[in-house]
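Just so it is clear: chains get the letters A, B, ... in the order the sequence lines come, proteins before strands, and each one is counted from 1.
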Amino acid sequence: MRFGFAVKILGRENHKSHDARRWQNNPHLLHSIEFAHKTFDYLESTGISMYRFPSDFAPYLTHPTMPQFHNQLDEAKTELEALGKRAKQLNLRLSFHPSQYILLNTPSPKLRDSSIKEFEMQAKILDIMGCGDEAVVVTHVGGVYGDRIGSTERFIENHKLLPERAAARLVLENDDVSYGIDDTLKIHEGTGIRLIFDHQHHTCFNIGQMSHEEACVAALRTWTNARPKIHFSSPRTEKRIVKRVDKATGKKMAFQHDPLLSQHADYVDFTTFIPFARKVKDEYGEFDVMVEAKSKDLAVLKLKHDVKGLEGFLVE
DNA sequence: CGATGTCAAGGAATC
DNA sequence: GATTCCTTGACATCG
């Protein structure tokens, strides 16, 4: 079992995950790759073996009005290959997760096509790096557009438009408001797409009768060519004070929010994780865990510590 | 240097 | 049809 986190390292100060400068300053994938080597240094020194790249790792790579950025994969080919070689040496499992604006099931052909381009490019980065089938690009089903059934079917239809390499990398995750495991399983039947089970999302949105363990095992069984992976996080339970601009006065006001199931806690509640993971492992076998906690890598290190030496857990 | 505004992008709820 | 929230960090500019 591997544990990983997304994008940002909290355990090091002044660490950048990618070249985030604005387009006026000509950011480039080559700079992001240098940062990624630093990230890999950290993964190596802490023993973390799974990592998700930032979605804008290659800045403006598919931006419709900025063609000057569109050749970055060619321009950084050698460096990407070297980065991939190093990932292999470190036995790292890598992934991407495009942003909320990338939507395969949109009714807009324009947005659909630009989304497909984005999936294709992120898959291509992993291809150039020489990553195996375990390195995936994660997406959600997308919007409802007033018609859940139609929008689900449109995902299946639009999936056929993906270039072969993009389709091979793309995997589908259940979300917390619109499309649950029942929906993603249906889409799997129609497309063969592999499924990520998100434990917290299943807590938020589960219109069927499946338990977390049942739903998870069903998702894991869609992986035929690589070890499956799940997302795990715990809901935030404490109340939270946020500051927002009050429209009437223009002043910043403090608002108190109730705890929300969909918000991520700083760390993972291992008293939930351990029995869940045990059951799933008994039923299915080995899988990896992407930790989506606010404390990122620190939460991974704590969870690894929490399960270390426990019967049934072989932490890689 | 600290504070504040801004960033490519969509969807859903509300009126 | 227009507006606001969602939500996050870091870049970039302003005073």
Under the ring pair (Phe, Tyr, Trp, His ring centres under 6.0 Å) test, residues paired with A/Phe197 that sit two or more places apart = A/His202
C/dT7 to B/dA3 separation - P atoms, rounded to the nearest Å = 26 Å
Rounded to whole Å, CG of A/Asn26 lies from P of C/dA12 at a distance of 11 Å
Got a sec, which residues hit side chain to side chain contact (heavy atoms under 4.5 Å, CB included) with A/His70, two or more places apart in sequence or on another chain?
-> A/Pro67
Sequence-distant partners of A/Thr62, side-chain hydrogen bond (donor to acceptor under 3.5 Å, both in side chains), two or more places apart | A/Glu118
Nucleotide by nucleotide, 5' to 3', does protein get under 4.0 Å of the base (B), only the sugar-phosphate (S), or neither (-) in nucleotides 7-15 of chain B, counting heavy atoms?
-> BBBBSS---
Answer yes or no: is there an ion pair linking A/Glu134 with A/Arg194, defined by an N-O contact shorter than 4.0 Å?
-> no
Using atom NE2 of A/His15 as one end and atom P of C/dA10 as the other, report the distance to the nearest whole Å.
-> 11 Å
Does the pair A/Glu283 and A/Glu213 meet the rule for a side-chain contact (heavy atoms from CB on, under 4.5 Å), with working shown?
-> CA-CA 9 Å; A/Glu283 181 88 8; A/Glu213 289 83 0; over 6 Å; no
Mind listing the side-chain donor-acceptor pairs of residues 167-174 of chain A below 3.5 Å, one per line with the distance, residues two or more places apart or on another chain?
{"residue": "A/Arg169", "atom": "NE", "partner": "A/Asp127", "partner atom": "OD1", "Å": "3.0"}
{"residue": "A/Arg169", "atom": "NH1", "partner": "A/Gly132", "partner atom": "O", "Å": "2.6"}
{"residue": "A/Arg169", "atom": "NH1", "partner": "A/Ala135", "partner atom": "O", "Å": "2.9"}
{"residue": "A/Arg169", "atom": "NH2", "partner": "A/Asp127", "partner atom": "OD1", "Å": "2.8"}
{"residue": "A/Arg169", "atom": "NH2", "partner": "A/Cys131", "partner atom": "O", "Å": "3.0"}
{"residue": "A/Glu173", "atom": "OE1", "partner": "A/His97", "partner atom": "NE2", "Å": "3.3"}
{"residue": "A/Glu173", "atom": "OE1", "partner": "A/His231", "partner atom": "ND1", "Å": "3.3"}
{"residue": "A/Glu173", "atom": "OE2", "partner": "A/His201", "partner atom": "ND1", "Å": "3.3"}
{"residue": "A/Glu173", "atom": "OE2", "partner": "A/His231", "partner atom": "ND1", "Å": "3.2"}
{"residue": "A/Asn174", "atom": "OD1", "partner": "A/Asp198", "partner atom": "N", "Å": "2.8"}
{"residue": "A/Asn174", "atom": "ND2", "partner": "A/Asp198", "partner atom": "O", "Å": "3.2"}

Can you name the residues that form a side chain to side chain contact (heavy atoms under 4.5 Å, CB included) with A/Tyr101, not counting sequence neighbours?
-> A/Ser99
Choosing from C/dC11, C/dG9, C/dA12, which nucleotide comes nearest the side chain of A/Lys8?
-> C/dG9
Could you list all N or O pairs between the protein and nucleotides 13-15 of chain C that sit under 3.5 Å apart?
none

Watson-Crick or G-U stems involving DNA chain B, each at least 3 pairs long, distances under 3.5 Å, ordered by first number = B:1-7 with C:9-15, B:10-15 with C:1-6
To the nearest Å, give me how far apart CG (A/Asn25) and P (B/dT6) are.
-> 18 Å
A/Arg2: partners by side-chain hydrogen bond (donor to acceptor under 3.5 Å, both in side chains), with sequence neighbours left out = A/Asn91
Looking only at atom P, what distance separates C/dA10 and B/dG10, rounded to whole Å?
-> 24 Å
Quick one: ring pair (Phe, Tyr, Trp, His ring centres under 6.0 Å) partners of A/Phe96, sequence neighbours excluded?
-> A/Phe53
C1'-based separation of C/dG9 from B/dG11 [nearest Å] = 22 Å
Could you pull out every donor-acceptor pair under 3.5 Å between side chains of residues 272-280 of chain A and any protein atom, sequence neighbours left out?
{"residue": "A/Thr272", "atom": "OG1", "partner": "A/Asp269", "partner atom": "OD2", "Å": "2.7"}
{"residue": "A/Arg278", "atom": "NE", "partner": "A/Glu311", "partner atom": "O", "Å": "3.2"}
{"residue": "A/Arg278", "atom": "NH2", "partner": "A/Glu311", "partner atom": "O", "Å": "3.2"}

Could you note down all residue pairs passing ring-ring contact (aromatic ring centres under 6.0 Å, His included) where residues 24-46 of chain A supplies at least one of them, sequence neighbours left out?
-> none
Using atom P of each nucleotide, how far apart are C/dT4 and B/dT6 to the nearest Å?
-> 15 Å
